[in-house]
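As structure tokens, the structure follows; a few thoughts come after it.
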Amino acid sequence: MATNKRALTAEDIKRLETYSDPQHTPNGDTYTFVSTTISKENKYQSQLYVQKLTENEPRQWTFDDSKNSNPRFSSDGSMIVFQSNRSGLTQLWLANTDGGEARQLTNFKNGASNPEWSKDGNCILFSAELEQGDDVANQCEQSKDERKQDKENKAKKAVVINRLKYKSDGVGFRDEKRTQIVRYDLRDESFTQLTEGDADYAFMDISPNGNLILFSANVDDDEDYSLTDDLYTLDITTNEIIKITDGKGSYGSASFSQNGEKIACLGHDYAYKTATQDQLYVFDIATKERTCLSESIDMQPDNVMIGDTLMGQSTTGPVWSKEDDKLYFIASDHGATGLYQADLNGEISVLYKDSNHVFGFSYHTETDKFIVGISTPTNPCNFYQLHDGELSRLTNANANLLDKVTLSQPETITVEAEDGWEIQGWLLHPYGFEEDKKYPFVLEIHGGPHAMYGQTYFHELQLLAAKGYVVLYTNPRGSDGYGQEFVTACREDYGGKDYTDLMIAVDYALENYTFIDKDRLGVTGGSYGGFMTNWIVGHTNRFKAAVTQRSIANWLSFYGVSDIGYFFTEWELGKNLLDDPTKLWDFSPLKYAKQIETPLLIVHGEQDLRCPIEQGEQLFVTLKQLKKEVEFVRFPDASHDLSRNGDPLMRIERLNHICRWFDKYL
């Protein structure tokens with residue numbers, strides 16, 4: 001397969017542009033979005049762009065070297081509020097849409113984020129981290145030097161912990177600050193704190209008449225031991241708070257209907273613990289009656305596609321139609337996501353779905369048109385207008401890079417598991433593929449395990465293909481996108497049928513693709529995929545090289561060191577530490593270390609609180625003491641999300657280490 005384009009490199013991740021958060025202007029003839037890139041200084045930048053729907057090219061709106069995001073228009077379209085860290089901390093900024101410099105709206109000590117306008121355009125609602133007793137009317141943003149001094153002082157003090165939920169990956173140790181909802185009134189330029197108390201309040205929406213604030217929170221007395229998130233309304237005229245949900249589940253992505261009489265949301269009741277699919281619900285505000293609209297579809301009514309270049313948030317629904325008789329939302333199904341419609345009788349129909357990844361959308365009620373963001377395996381992102389089933393492209397992102405590099409178009413495969421279940425996967429051909437040659441092979445395993453590989457751009461997968469590897473990635477049981485029975489099927493069976501699903505997929509590839517060299521097989525994965533990589537090399541020697549990333553090696557210690565270990569272990573494996581430590585040890589790859597003969601590279605972030613680095617340390621020390629072929633790569637200040645949004649240079653170095661290891665042994 002001759003080509004005049006070059007192969008993709010790890011460094012090309014610096015040349016990628018990622019789009020997110022499309023937002024129609026109120027009149028519907030224009031939209032804005034966020035573009036995230038990596039600067040010459042190897043820092044992330046996010047800029048706002050604007051494009052008339054009659055224009056061929058978007059125009060850049062912000063030009064500084066900061067992160068600008070979450071653009072939201074006032075109801076008359078005359079102003080736009082957005083968040084930016086240009087002052088040194090994420091704050092809200094306000095600008096006139098007809099031109100002029102943006103002015104800083106908030107100067108909160110801990111920043112402000114997630115702005116949304118009231119329907120009359122008089123107020124802006126937003127989120128802010130506050131401590132008990134903070135006065136929102138007298139906030140002052142610290143200088144860079146003051147923030148640095150505070151950080152140094154904090155590093156010298158002991159940390160007193162008295163909560164179970166005392167840390168969170170990507171955040172660190174939690175302190176006394178809580179996320180509160182604040183209102184800014186443009187008429188008198190005043191700030192009012194709307195929520196208070198020892199809870200985190202997630203703002204969802206404001207009612208059409210401006211009187212009710214919709215939010216989710218866990219305000220239980222035993223919040224430290226509960227994982228529920230309930231929906232509430234707050235009447236800002238009386239301060240009355242009404243609980244909408246029943247305290248038995250987790251609910252979010254909520255919005256008021258156009259007439260303010262109903263609330264749509266996604267949520268579930270933890271029937272299958274961490275493997276429970278969301279449902280699409282509508283609540284009647286007056287009666288609190290709950291109606292499930294998604295009972296007829298056995299799929300996840302949300303975007304659960306994973307990738308390593310998906311940056312920035314985007315609306316995924318549910319969004320109300322103009323007449324309040326329909327809801328629009330993204331759903332995940334068999335490795336793809338599409339835009340769906342539900343009427344209030346629960347009739348579900350597809351507005352758009354193809355072999356790709358719809359990652360966000362904006363709906364304009366007056367024109368009945370959508371802006372949809374779409375990614376494919378060979379095109380990272382673009383925006384399109386969708387109207388009456390017709391799709392028309394608006395942007396041409398990453399054209400310069402895509403004109404220069406070759407990307408592999410995945411071939412979809414379906415494999416029959418031992419018990420007859422169907423397992424979906426995809427195979428990438430290597431760069432410069434020639435039918436009569438033999439190529440090394442890498443099996444990629446996703447994390448979660450309740451997530452979904454699929455028809456989206458994935459830099460790591462494309463890079464391995466560019467380096468000359470046949471790449472196989474699949475959705476074994478436990479993955480999202482194939483129904484509730486499928487997604488819960490790996491619980492209490494880690495390393496069981498999920499393992500055989502993967503091995504049968506490898507067998508299928510070897511039997512049906514004769515260009516794969518069966519003596520040069522590699523395997524890698526992160527998080528749950530790292531666990532499974534560790535499990536695989538402890539149970540078979542068929543792979544000649546393996547790279548385990550941010551993995552789990554020992555469930556006994558994971559229970560106490562992970563930010564989710566105390567509940568995730570029991571919910572996924574069926575036992576907690578004190579009930580049955582023997583079972584947890586049986587599930588632990590570390591138990592089978594003596595059987596590992598595959599050369600293993602361990603890649604881990606030192607600030608990973610989801611799968612803490614001690615998991616990698618235990619595995620490395622054990623294998624090294626056993627004189628096995630093993631190497632340990634530690635990334636300082638890197639969290640569990642290193643591969644997705646970590647330091648750009650570290651992301652590149654990580655990719656190069658993976659390729660180096662496979663190049664050495666395959």
Side-chain angles (χ1 to χ4, degrees), residues 18-24 28 31-34 51 53 252-255 257-258 264-267 277-282 292-307 310 312-377 379-395 397 452 454-457 480-483:
T18 301
Y19 287 170
S20 62
D21 202 13
Q23 295 287 324
H24 274 103
Y31 76 105
T32 63
F33 64 90
V34 179
Q51 182 178 16
L53 297 178
S253 301
S255 62
S257 59
Q258 307 290 347
C265 69
L266 300 179
Q277 289 187 150
D278 278 333
Q279 299 290 346
L280 173 61
Y281 292 111
V282 169
C292 180
L293 301 184
S294 54
E295 289 181 334
S296 65
I297 57 169
D298 188 14
M299 68 173 74
Q300 181 72 279
D302 200 359
N303 171 24
V304 294
M305 186 84 74
I306 60 171
L310 305 172
Q313 68 179 35
S314 294
T315 298
T316 61
V319 172
W320 289 92
S321 67
K322 180 181 179 179
E323 303 298 333
D324 284 339
D325 58 344
K326 301 180 186 68
L327 287 162
Y328 306 117
F329 60 98
I330 291 174
S332 303
D333 182 36
H334 286 75
T337 65
L339 183 62
Y340 291 75
Q341 169 185 288
D343 67 22
L344 298 190
N345 294 317
E347 291 294 324
I348 309 293
S349 56
V350 178
L351 295 181
Y352 171 79
K353 185 174 183 288
D354 203 346
S355 296
N356 52 34
H357 173 204
V358 178
F359 59 80
F361 72 96
S362 175
Y363 170 67
H364 192 261
T365 55
E366 298 303 321
T367 63
D368 202 35
K369 295 179 180 179
F370 298 85
I371 304 294
V372 292
I374 296 175
S375 173
T376 77
N379 199 317
C381 59
N382 269 306
F383 287 120
Y384 299 76
Q385 182 172 251
L386 177 67
H387 183 53
D388 290 336
E390 295 295 321
L391 201 68
S392 55
R393 194 171 72 173
L394 298 170
T395 60
M452 185 179 78
Q455 301 281 12
T456 195
Y457 179 78
D480 272 316
Y482 303 87

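What you see below is based on every heavy atom in this structure, not just the backbone, and it leaves out hydrogens, waters and symmetry mates. These numbers were taken from a predicted model, which means no experiment stands behind them.
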Checklist outcome for this item: The reported gap from CZ in F33 to OG in S20 (rounded to nearest 0.5 angstrom) is 9.5 Å

Next on the checklist: One pair to check against side chain to side chain donor-acceptor pair (under 3.5 Å): S375 and H357. What are the steps and the verdict?
Outcome noted: CA-CA 5 Å; S375 173; H357 173 204; 4.6 Å; no

Next on the checklist: Would you say that I371 contacts H24 through its side chain, given a criterion of any heavy-atom pair below 4.5 Å between the two side chains?
Outcome noted: yes

Item to check | Derivation and outcome, side-chain contact (heavy atoms from CB on, under 4.5 Å), residues Y31 and Q51 | outcome: CA-CA 6 Å; Y31 76 105; Q51 182 178 16; 2.6 Å; yes

Next on the checklist: So, taking the atom named CD1 in I297 and the one named CD1 in I348, what distance separates them when rounded to the nearest 0.5 Å?
Outcome noted: 4.5 Å

Next on the checklist: For a side-chain contact (heavy atoms from CB on, under 4.5 Å) check, start with the C-alpha distance between F370 and Q385, then their side-chain angles and the critical distance, and finish with the verdict.
Outcome noted: CA-CA 6 Å; F370 298 85; Q385 182 172 251; over 6 Å; no

Next on the checklist: For a 4.5 angstrom cut-off between non-hydrogen side-chain atoms, does T456 reach T376?
Outcome noted: no

Checklist entry - Is there a donor-acceptor pair under 3.5 Å between the side chain of T365 and the backbone N or O of K322? => result no

Next on the checklist: Taking N345's backbone N and O only, do any of them form a donor-acceptor pair with D343's side chain (distance below 3.5 Å, no angle check)?
Outcome noted: yes

Checklist entry - Heavy atoms, side chains only, cut-off 4.5 Å: are M452 and I306 in contact? => result no

Checklist entry - Considering only heavy atoms from C-beta outward, does the side chain of I374 approach that of L391 to under 4.5 Å? => result yes

Next on the checklist: Main chain of Q258, side chain of D324: is a donor-acceptor contact present, judged purely on distance under 3.5 Å?
Outcome noted: yes

Checklist entry - If you take all heavy atoms of P318 and S253, which pair is closest and at what distance? => result CD-O, 3.2 Å

Checklist entry - Which heavy atom in T18 sits nearest to a heavy atom in C381, and how many Å separate them? => result CA-SG, 3.9 Å

Checklist outcome for this item: Distance col, row N382:CG vs N356:CG, nearest 0.5 angstrom, shows 11.0 Å

Checklist entry - Given the rule in the ring-ring contact (aromatic ring centres under 6.0 Å, His included) test, do Y328 and F361 qualify, once you have shown the distances and angles that lead to the verdict? => result CA-CA 9 Å; Y328 306 117; F361 72 96; 7.3 Å; no

Next on the checklist: Please determine whether side-chain contact (heavy atoms from CB on, under 4.5 Å) holds for the pair Y340 and S349, giving the CA-CA distance in whole Å, both sets of side-chain angles, and the decisive distance to 0.1 Å.
Outcome noted: CA-CA 6 Å; Y340 291 75; S349 56; over 6 Å; no

Checklist entry - Do L327 and V319 come close enough that some side-chain heavy atom pair is under 4.5 Å? => result no

Next on the checklist: Using side chain to side chain donor-acceptor pair (under 3.5 Å), reason through Q300 and D333 one step at a time and then give a plain yes or no.
Outcome noted: CA-CA 7 Å; Q300 181 72 279; D333 182 36; over 6 Å; no

Checklist outcome for this item: The reported gap from OG in S362 to CZ in F383 (rounded to nearest 0.5 angstrom) is 9.5 Å

Item to check | D480 side, atom CG; S332 side, atom OG - distance, nearest 0.5 Å | outcome: 7.0 Å

Next on the checklist: Between V372 and L339, does the side-chain contact (heavy atoms from CB on, under 4.5 Å) criterion hold? Intermediate values first, please.
Outcome noted: CA-CA 9 Å; V372 292; L339 183 62; 4.1 Å; yes

Next on the checklist: With rounding to the nearest 0.5 angstrom, report the CE to OG distance, M299 to S294.
Outcome noted: 10.0 Å

Next on the checklist: Is there a side chain to side chain donor-acceptor pair (under 3.5 Å) between D302 and T316? Walk through the geometry before answering.
Outcome noted: CA-CA 6 Å; D302 200 359; T316 61; 3.0 Å; yes

Checklist outcome for this item: All heavy atoms of D325 vs all of S321, minimum pair found to be OD1-OG, 2.9 Å

Checklist entry - Would you say L394 and Y384 make side-chain contact, with heavy atoms under 4.5 Å? => result no

Checklist entry - Which pair of heavy atoms, one from G335 and one from M305, lies closest together, and at what distance? => result O-CE, 3.5 Å

Checklist entry - Mind checking whether F329 and L280 have side chains closer than 4.5 Å, heavy atoms only? => result yes

Next on the checklist: Any non-hydrogen side-chain atom of L293 less than 4.5 Å from a side-chain atom of L344?
Outcome noted: yes

Checklist entry - Is there a donor-acceptor contact under 3.5 Å from the side chain of W320 to the main chain of S255? => result yes

Item to check | Heavy-atom pair with the smallest gap, counting every atom of G360 and P22 | outcome: C-CG, 4.5 Å

Next on the checklist: For the residue pair Y363 / D368, report whether a side-chain donor-acceptor contact shorter than 3.5 Å exists.
Outcome noted: yes

